[in-house]
Amino acid sequence: MPELLEVEQARVLIAERAVGREIAAVDAPDRWYLKRGLTPRGARTALPGHSITDARRRGKQLFLDTDRAGPVLGLHLGMSGRVVIDDEAAGDPLLYASNRDVRAWHRFTLRFADGGRLALRDPRRLGAVELDPDEDRLGVDALELTLPQLRAIVTRSRAPTKAVLMNQARIAGLGNLLVDEALWRAGIAPDRTASSLDAAEQVALHRSVRSTLRTLGRRGGSHTGDLIAARVPGGACPRDGTPLVRGTVAGRTSYWCPRHQV
DNA sequence: GATGACCTGTGA
DNA sequence: TCACAGGTCATC
């Protein structure tokens, strides 16, 4: 699923509905889903008895703080993950992923002392759960990205601009759809070498990242961009009607306008 | 850095 | 049956 906007929706849901509740038990039926040495037994040992005190996010990574010196619970939604609290999901509908609620897709569940629960539902199992994640492996959150930061990042990379924007160690939170939308808004082709952007293009890109996050956030998610409807083979640029180009950049399917994105 | 691997569901 | 999917990681 989920790029920054959907993860933020999940964070808000957790903040509103799970913070302050005490964890009574943990269901971790999928050992493969637990990362960095975490085991089902380890999760059952570390979490029950603690209450959730805060829900934080950096890029696409969620951090749930717990009280009384409990661990930080790291949740990642992968490609198809959703946070479900008391059977209510955040961030729907999800494109390219099933929105059905199948109990077998609940890869990790916190059962609260009050009888409710928080589950991570993930058909494709590409998400992850870990304890005390390293928060510094991620770069600046895309919502906080300043122009000087963006300038420094693009200047020293000869990778395609799209690859730089998607590199979570540099800028955290942007995924395939948001990046295509931001590049389209900025008039920059995804395969442009990042270091080749001039000062005006750097400004345009910074603005477009901000406007993309703000606008699509208001509309309800990464799938609400102007480019999304045209994101099909044979689609036309919503701005000038030019047939879009479809290609692979930075290993991901990309769409862009060959006329106004240069 | 580009590529393939990871895993599973959906729709043509 | 095949191609494809809003992510990340190891490997060449």
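All heavy atoms count here, side chains included; hydrogens, waters and symmetry mates do not. Letters A, B, ... are given to chains in the order of the sequence lines, protein chains preceding strands, and every chain is numbered from 1.
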hydrophobic_cluster_shared for A:Leu227 and A:Leu216, side chain cutoff 4.5 Å: no

First encountered from the 5' end of DNA chain C, between A:Leu5 and A:Arg36: A:Leu5

A:Lys60 side chain near C:dT8 phosphate (N/O to OP1/OP2, under 4.0 Å): yes

Beyond-backbone contact of A:Thr109 with A:Leu120, side-chain heavy atoms, under 4.5 angstrom: no

Euclidean distance, atom CD of residue A:Glu130 to atom P of C:dC9 [Å, nearest integer]: 9 Å

Nearest-neighbour nucleotide for the A:Arg246 side chain, C:dA5, B:dT10, C:dG7 considered: C:dA5

A:Arg41 CZ: over 12 foreign heavy atoms closer than 6.0 Å: no

Spacing of A:Lys35 atom NZ relative to C:dT8 atom P, expressed in whole Å: 13 Å

Protein N or O to nucleotides 4-7 of chain B N or O, pairs below 3.5 Å:
| from | atom 1 | to | atom 2 | distance (Å) |
| --- | --- | --- | --- | --- |
| B:dC7 | O3' | A:Arg125 | NH1 | 2.9 |
| B:dC7 | O2 | A:Arg124 | O | 3.3 |
| B:dC7 | O2 | A:Arg124 | NE | 3.3 |
| B:dC7 | N3 | A:Arg124 | NH2 | 3.4 |

Non-hydrogen atoms of A:Leu197 and A:Gln202 that approach each other most closely: O-NE2, 3.4 Å

Check ion pair A:Asp141-A:Arg57 (N to O, under 4.0 angstrom): yes

Whole-angstrom distance between B:dC7 and C:dT11, as gauged at atom P: 15 Å

d(CG, A:Asp122; C1', C:dT8) in whole Å: 13 Å

Phosphate contact (C:dG7 OP1 or OP2) by A:His76 side-chain N/O below 4.0 Å: no

Any pair counted as salt bridge (charged side-chain N to carboxylate O under 4.0 Å, His left out), so long as it reaches residues 143-159 of chain A, sequence neighbours left out: none

Any donor-acceptor pair under 3.5 Å from A:Asn176 side chain to A:Thr253 backbone: yes

A:Asn167 CG - C:dC9 P separation (whole Å): 11 Å

Of residues 152-166 of chain A, the positions that come close to DNA chain C - non-hydrogen atoms, cut-off under 4.0 Å: none

Separation of C:dG7 P from A:Leu75 CG (nearest whole Å): 17 Å

Residue pairs passing the salt bridge (charged side-chain N to carboxylate O under 4.0 Å, His left out) test where at least one lies in residues 166-185 of chain A, sequence neighbours excluded: A:Lys162-A:Asp180, A:Asp180-A:Arg231, A:Glu181-A:Arg185, A:Arg185-A:Asp226

Sidechain N-carboxylate O distance under 4.0 Å for A:Arg121, A:Asp101: yes

Sub-3.5 Å pairs of nitrogen or oxygen atoms, protein against nucleotides 10-12 of chain C:
none

Linked, directly or transitively: A:Leu110 and A:Val72 (ILVMFWY side chains, under 4.5 Å): no

Any A:Thr253 side-chain N or O less than 4.0 Å from OP1/OP2 of C:dA5: yes

Same apolar cluster (I L V M F W Y, side chains within < 4.5 Å links), A:Leu183/A:Leu174: yes

Euclidean distance, atom CZ of residue A:Arg252 to atom C1' of C:dC4 [Å, nearest integer]: 11 Å

Ranges pairing with ranges for DNA chain C, where each run has three or more Watson-Crick or G-U pairs under 3.5 Å: B:1-6 with C:7-12, B:8-12 with C:1-5

Basic-acidic side-chain contact under 4.0 Å: A:Arg58, A:Asp136: yes

Main-chain N/O of A:Gly49 paired with A:Arg68 side-chain donor or acceptor, under 3.5 Å: yes

Protein-nucleotide distance (A:Ile171, atom CD1; C:dG7, atom C1'), rounded to Å: 17 Å

Rounded distance (Å) that lies between atom P of C:dG7 and atom CG of A:Leu4: 11 Å

Carboxylate-amine/guanidinium proximity below 4.0 Å for A:Asp87 and A:Arg117: yes

